[in-house]
Each structure stands twice: as C-alpha cells, then as structure tokens.
Amino acid sequence: MPRRIQVYEDIRSKIESGELAPGDQVPSVLRLQQIYGIATATGQKVHRALRRDGLIRTEPGMGSFVVLPPAKEGE
C-alpha cells in the first residue's frame, strides 16, 4: 500500500476514533514528514485527500483543523 494511503488512513482513523476531535489541529505537512518519514509531496497529497473528503479545513497561516462531521438524518 502506498505511504500516502497509509498516512491518510492513520489520520482518518484518529479523526473517526475521536483521538483528533473537531477543532483539533492536524499535523502540518512538515510534521507529517517528521512523524512518518515521508516526502513533502506525499504530505501534501495526504492533506489534499483529507480536505477532499471533508475531514479537515486549512486556514492559511494558521494550519489545518478537523471539521465537524456532517449531521446525520434525523439529528
């Protein structure tokens, strides 16, 4: 399995488990490089995928943060 998918899945599971809660800052691309030993481009792909899937939002100059999950039907 490609490293970008492994890292994506790890971050996604931390979000889904609540280890990273809504509003929490997710590791920066630089920090992902340090934690997982990945290249800059790989870290950028991970962030892009997390944004694409609606799991994080990025605030320029501030960082990337876990978003609130969408409300389920009937809530």
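Worth saying up front: this structure is predicted, and the values here are computed from it rather than measured.
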Completion exercise
CD1 of Ile56 to CD1 of Ile11, rounded to nearest 0.5 Å, is 9.0 Å
Problem - Leu55 CG to Glu16 CD distance, which is reported to the nearest 0.5 Å - result: 7.0 Å
What are the two closest non-hydrogen atoms of [X] and [Y], and how far apart are they?
X     : Y     : result
Lys45 : Arg4  : CD-CD, 3.8 Å
Pro27 : Leu32 : CB-CD2, 3.8 Å
Ala49 : Tyr8  : CB-CD1, 3.7 Å

Side-chain contact test, heavy atoms from C-beta onward, threshold under 4.5 Å: evaluate it for [X] versus [Y] and give yes or no.
X     : Y     : result
Gln33 : Val29 : yes
Arg48 : Gln44 : yes
Val66 : Lys14 : no

Practice task
Using a strict 4.0 Å threshold on nitrogen-to-oxygen distance, state whether Glu59 and Arg57 make a salt bridge.
Solution key: yes
Handout entry: Whether Asp24 side chain and Ala21 backbone form a donor-acceptor pair below 3.5 Å
Key = yes
Problem - Donor-acceptor contact present, side-chain Ser17 to main-chain Ser13, <3.5 Å - result: yes
Exercise for the section: Decide whether Gln25 and Ser64 meet the rule of one side-chain donor and one side-chain acceptor closer than 3.5 Å. Expected result: no
